[in-house]
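For reference, positions follow the sequence shown, starting with 1.
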Amino acid sequence: NSFSFSDPQVSLTGIEEYSRGVRSFYKQGTAVGEVVCTAVTAPDTITVVWRNYGTVNIGPGFDLAPYIVTTTLKTSAEEGGLIVRQEDAFVVDNAALIKYNLFKGKRPVVPPIASVACPLPRDA
C-alpha cells in the first residue's frame, strides 16, 4: 500500500491502518469534520482546510474543542491519480483543551462553518 499519513502526533503507512486508527480514535457518532475551503496549491497537491471536533477515546474519553486542520493531499500519476500521502497540520493548545473539558457549561457556541475565513490564497 503506497498511502502514508502524518500529523503532529502520528505517522503511519497504509490506508487500512489509517482508517482503523481514525475509527478507534473517535467515539463514533460524535466526530465532526467540516470543510472550510479547498484549493489546488501546487502540482499534484490539494489543500483542504477544515474544522474538527468531537469526543475521542483516550483515557476516559474527552471532547476536542473545535480546531482548524490544514490537510495537504499529494496525488501520484503513477498511482492513477490517487492520493498517496496525507499530511495534517494543526496547533494543539493543551491548556485550552483542559479548560474546555473542565468547564463544559462555559463552552462557547460553535460558529457556523460559513463564518470561518479561508486562509488559502484565492487564486490558488
Decide yes or no on side-chain contact (heavy atoms from CB on, under 4.5 Å) for Val92 and Gln9, but give the supporting numbers first.
CA-CA 10 Å; Val92 176; Gln9 285 96 24; 3.5 Å; yes

Return yes if some donor-acceptor pair links the side-chain N/O of Thr45 with the main-chain N/O of Thr41 below 3.5 Å, else return no.
no

Go through Tyr26 and Leu64 one step at a time and tell me if the side-chain contact (heavy atoms from CB on, under 4.5 Å) criterion holds.
CA-CA 10 Å; Tyr26 290 98; Leu64 293 177; 4.0 Å; yes

Given the rule in the side-chain contact (heavy atoms from CB on, under 4.5 Å) test, do Ser6 and Arg85 qualify, once you have shown the distances and angles that lead to the verdict?
CA-CA 8 Å; Ser6 67; Arg85 175 150 184 72; 2.9 Å; yes

Specify the closest pair of heavy atoms between Tyr53 and Arg51, including all atoms of both residues, with the distance to one decimal.
CE2-NE, 4.0 Å

Quick check for you: to the nearest 0.5 Å, what is the distance between Asp63 atom CG and Thr30 atom OG1?
7.5 Å

Grab the two heavy atoms, one from Cys118 and one from Val36, that are nearest each other, plus how far apart they are.
CA-CG1, 4.0 Å

So do the side chains of Glu17 and Phe3 get within less than 4.5 Å of each other, counting heavy atoms only?
no

Can you measure from CG (Asp44) to CD (Glu79) and round to the nearest 0.5 angstrom?
12.0 Å

Let me confirm one number: the OG1-CZ distance from Thr13 to Phe5, rounded to the nearest 0.5 Å.
11.5 Å

Distance col, row Ile83:CD1 vs Ser4:OG, nearest 0.5 angstrom, shows 11.5 Å

When you group the ILVMFWY residues by side-chain heavy-atom contacts below 4.5 Å and let the links chain together, are Leu82 and Val48 in the same group?
no

Of all heavy-atom pairs between Ser76 and Val84, which one has the smallest distance, and what is that distance?
CB-CG1, 3.7 Å

ILVMFWY network linking Val10 to Leu73, side-chain heavy atoms under 4.5 angstrom
yes

Would a hydrophobic clustering, with Ile, Leu, Val, Met, Phe, Trp and Tyr connected at side-chain separations under 4.5 Å, put Leu12 with Val56?
yes

Counting only heavy atoms from other residues, nucleotides and ligands, does the tally under 6.0 Å from CZ of Arg107 exceed 12?
yes

Please collect all disulfide bond (SG atoms under 2.5 Å apart) contacts where either partner lies in residues 45-83, sequence neighbours excluded, each pair once.
none

Do the side chain of Gln86 and the main chain of Thr71 share a donor and acceptor less than 3.5 angstrom apart?
no

Grab the two heavy atoms, one from Ala65 and one from Leu97, that are nearest each other, plus how far apart they are.
N-CD1, 4.1 Å

Nearest-0.5 Å distance, CD1 of residue Ile98 to CZ of residue Phe103
10.5 Å

CD (Glu34) and CD1 (Ile113) are apart, to the nearest 0.5 Å, by 4.5 Å

Looking at every heavy atom in both Ile68 and Phe90, which two are closest together, and how far apart are they?
O-CB, 3.5 Å

Please say yes or no: joined through hydrophobic side-chain contacts below 4.5 Å, possibly via intermediate residues, are Val32 and Val35 part of one cluster?
no

Intermediate values then yes/no, side-chain contact (heavy atoms from CB on, under 4.5 Å), Val91 and Tyr67:
CA-CA 8 Å; Val91 175; Tyr67 65 100; over 6 Å; no

Minimum heavy-atom separation for Pro66 and Val110, please, with both atom names.
CG-CG2, 3.6 Å

